Amino acid sequence: GDILLEGGLIKAVGSVSKKLLADLGSNLVQVDVNGAWVTPGIFDLHSHLGVASVPELRGSEDDNSLKGIAQPWLRSLDGINVFDSALALSISGGVTSSLIFPGSANAIGGQAYVIKLRQTEEGSPMSMVLEPPFSLNKTSPTDPPHWRHMKHATGENPSRVYHGTRMDTMWAFREAYNEGRKLVKAQDAYCAQAEAGLWEGLAPEVPKDIKWEALADVIRGKVKLNIHSYSPSDWDGLARLTHEFKFHIAAIHHAHSSYLVPELLEKFWGGKPAVAMFATNARQTDEAYRGSEFAPKLLNEAGFKVIMKSDHPVLDSRYLVWEAQQAHYYGLPLNKALQSVTTTPAEVAGFGHRLGYVQPGYDADIVVWDSHPLALGATPQQVYIDGIPQVTKPMKVPKSAALQLPPKTPKWDKEAKKAVEYRGLPPLKGDKAEGVLLYNIKSAWIRQPDNRFTEAQAKSRFLKNGGIEYDGVMYFADGDLVCSSFQRDLLCPRGNLHDAKRINMEGGSVGPGLTSFGGYLGVVEIDQEPSTNDGYSYGPFDKEFAVVADLSRGVDGLSFEGRDMLLAYRDGVTTSVAAPRTRTMFSGLSVALSNGASHSLENGAIIKDITAVHVVIGAEKQPSVGTQIGLLRQILMSNDDSKVTSWFRGVVDGRLPLIVHTEGLDVMSKLLTLKAEVESSSGGSIRMAFYGATEAYLLAKELADAGVGVIVSRARSFPLTWDARRLLAGPPLTSDTNLGVLVRHGVTVGVGILEGWEARSTRFEVARAALQAPGDISREDALALASTNLEKIFGLPGSEDFVGYKGGDMFDLESKVAAVMSKRRGRTDLFVE
């Protein structure tokens, strides 16, 4: 089929008449997309693009005003930074329109505006606004009138910022809305008097109040109201508020526990709102602790409009389609998942008449994809906004035929049912099995003597019903591999194997347990609740840099059975390395642990009690970067007998790795010089690795030559800080990626995380890395990013954990974890019946 774009609009879809083409003559530009998938442009219903710019700088931080808890008169438009580095990045991910909110520090944060992300000739924020409301530009009113938009917030944010409670926040709403209602009544009385011809004593103008007119319009139904809100206690109060002042809520945002109380949301005045949410980002606060990956599925089944959003820069909106992919993976139907980032947000925001569809007469905002948009790693080949191509020289990566089809995602009905049954806190531990036989396995990853993994394939046969069965078999007893059809020295005997639990893997795969670092698993449970965390390491020095204490040990602050830990475990990430959190230069000593353990004394819970020394070098730390590096030099070259120096002596001797948390080229290059200086003086060899390392690709050769490893904190680079500004964006903006360049140069590189909830998606992150850099990162390399490379960097013993993926490959969106087998812990955990 064909799509004709002209004058900023879609003129024809499917079959384009020859007359239309002839009329365009030489002005016609033809683009052959070779049968690619085309969707409407992505509409992000919750973004802070421009008002929370990146890289983060004080001069462009304009998302929150702290002048009062209720400020409906503020406008996000007044803070939009057109030079935000994320604008071009988000476009390259297919985002064409975004609703730009003020932040969520205030109960009423202010008015919001929908913008198209493309650059305009005028170059102003105003020129990016889509359908400016009459209240903004004072031009002739339209029919129907352009919608206004507003942001509210309930719960922990305003309570924390204004040192109040939910009671205070709800009163702030009522007090503000009462002012809006007063204005409505005054205006209505004025108009009634004028319409009745009672001119005597009538003021020359309708009553106005610039502070409260926006709330008056909310009450009049002229505003699409969006509310940051997480919990039933807030929604109960909002229901009363909407009935008291008679206004409708367009969408509740975040809404982590909404799937547990859908009937409550239906009580809002004017009907149920849409729900805009994350796919898996949860548990940083008490109000987000019951978040579930099955919420989109359950809310859709309850009849709600489901929207996936970024809350950029909380999530990089460039990858908003990944939220839709995850929602689909966990049960949201394919059509609803696609609509959740295109059609549904456009309609909820009031733009369904021009955005969200590939239909004649709609805005020419479309995305051409390199694979099915819900396939893992789907990337735009080109993005059109108002018919104008946005990527100047798109870098295209070839994708397989399998990725041109939507993934056949697993069934999650039982897990979703348990999420509701246990009020958002379902049991996450698996069922213990003494012996388990996995059969009908298509492939298995086998560790070789040189510590590499190679993939072995099973033989297949066609069944009478047209299906395919594989002869791959693996038998485990108490977590230990007893026999395997994939290894000649471990071939399984014919016949039954004891009384083993038998699991049909349905053409799935078996791989090693993966390793994660960077999200403080075991150290942090609910980030904003200090009593659930280990706390912060103060570092070993006083203000004059005299040694006053030892380095903090991660092993001393561990807690087990955290929900992010257990979710990671049941998604195949069996090992974590955790360093103490710090606000100083010195983090401390990390520990390697099993994510599935119940306590530190359990067999196999602690894999290695001290794995590395961790320091943080950066401009955000005090004192200066130069002083930090100088202090590190002093410690590494010191011969005193303090406890702190003894740990760094272990670094100089090569007994302990030194992990430096830093992002930028400049710091990393200075540390390479320092490493060479210390090694020259001591005669030793320092095992150093950088964590964060967004700009590491710029030093790939030097890192490889120096034998320095890298753990990227973001597999998908993002310029959050100044030291990450020189990122390598990857397709379609650049042909190379940070990870690809590092692997190509032979750097030992691993993939890390920033927050604990991210760990569970590790297999998808490394798979995407391979898809985006196919010439540099093979499947074997992708596996190493989250296994052997991290083991090498931290000096860990080779993991003897196995993970069985049912229904598909460990690197695709068609499989789910069926079992985890751990020889180290002496047990097998089953996650399917």
Side-chain angles (χ1 to χ4, degrees), residues 55 85 89 377 395 397 451-452 515 517-518 612 615 617-618 625 629 657-679 685-754 765-794:
S85 296
L89 293 172
M395 302 297 174
V397 175
N451 217 32
R452 293 184 306 109
T515 298
F517 168 72
V615 298
I617 304 290
V625 170
I629 293 175
L658 176 64
I659 311 298
V660 184
H661 302 220
T662 195
E663 290 284 357
L665 164 70
D666 298 309
V667 171
M668 286 186 281
S669 61
K670 293 182 182 73
L671 290 170
L672 291 181
T673 301
L674 175 60
K675 178 178 183 290
E677 180 184 343
V678 175
E679 289 175 339
S685 179
I686 295 177
R687 295 159 52 200
M688 179 182 285
F690 297 133
Y691 165 70
T694 298
E695 296 185 353
Y697 73 96
L698 294 166
L699 286 172
K701 182 181 183 301
E702 291 80 0
L703 290 166
D705 291 344
V708 172
V710 168
I711 306 170
V712 298
S713 58
R714 294 179 186 268
R716 295 164 281 146
S717 296
F718 183 65
L720 184 65
T721 64
W722 182 255
D723 283 345
R725 70 191 184 280
R726 292 168 288 199
L727 83 166
L728 198 55
L733 297 177
T734 65
S735 57
D736 285 331
T737 65
N738 188 23
L739 283 169
V741 172
L742 293 170
V743 171
R744 186 195 313 158
H745 282 81
V747 178
T748 300
V749 57
V751 165
I753 58 175
L754 288 169
E765 290 293 349
V766 298
R768 183 190 287 105
L771 290 170
Q772 295 298 79
D776 296 317
I777 302 176
S778 65
R779 285 170 58 86
E780 291 80 4
D781 294 329
L783 180 56
L785 293 174
S787 59
T788 52
N789 287 1
L790 289 173
E791 291 170 359
K792 181 178 179 181
I793 288 172
F794 286 106

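Being a predicted model, the structure only gives us computed values, none of them experimental.
Proximity of a side-chain donor or acceptor of K670 to a complementary backbone N or O of I629 within less than 3.5 Å is not detected. Of the possible polar contacts, one joining the N738 side chain to the A693 backbone as a donor-acceptor pair under 3.5 Å is found. With hydrogens and angles disregarded, no donor-acceptor distance shorter than 3.5 Å links the side chain of R768 to the backbone of E765. With D781 contributing its side chain and S778 its backbone, the two residues share a donor-acceptor pair below 3.5 Å. The backbone N or O of I617 lies less than 3.5 Å from a partner atom in the side chain of T662, making a donor-acceptor pair. Using modelled atom types, no side-chain atom of E663 and backbone atom of D723 make a donor-acceptor pair closer than 3.5 Å.
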Next on the checklist: Is there a side chain to side chain contact (heavy atoms under 4.5 Å, CB included) between N451 and E791? Walk through the geometry before answering.
Outcome noted: CA-CA 10 Å; N451 217 32; E791 291 170 359; 4.0 Å; yes
Item to check | Intermediate values then yes/no, side chain to side chain contact (heavy atoms under 4.5 Å, CB included), L658 and V615 | outcome: CA-CA 8 Å; L658 176 64; V615 298; 4.2 Å; yes
Checklist entry - Can you list the steps and then say if S669 with L699 is a side chain to side chain contact (heavy atoms under 4.5 Å, CB included)? => result CA-CA 8 Å; S669 61; L699 286 172; 4.0 Å; yes
Checklist entry - Between F517 and I793, does a side chain to side chain contact (heavy atoms under 4.5 Å, CB included) hold up when you go through it step by step? => result CA-CA 11 Å; F517 168 72; I793 288 172; over 6 Å; no
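For E677, the side chain to side chain donor-acceptor pair (under 3.5 Å) partners are R633, not counting sequence neighbours.
Distance check: L665 CG to R726 CZ gives 5.0 Å after rounding to the nearest 0.5 Å. Once rounded to the nearest 0.5 Å, the distance linking CZ of F794 with CD1 of I659 reads 4.5 Å. Separating the CG atom in L728 from the CD atom in E695 is a distance of 10.5 Å, to the nearest 0.5 Å.
Screening T737, D736, L739 for a side chain to side chain contact (heavy atoms under 4.5 Å, CB included) with D776, the sole residue that qualifies is D736.
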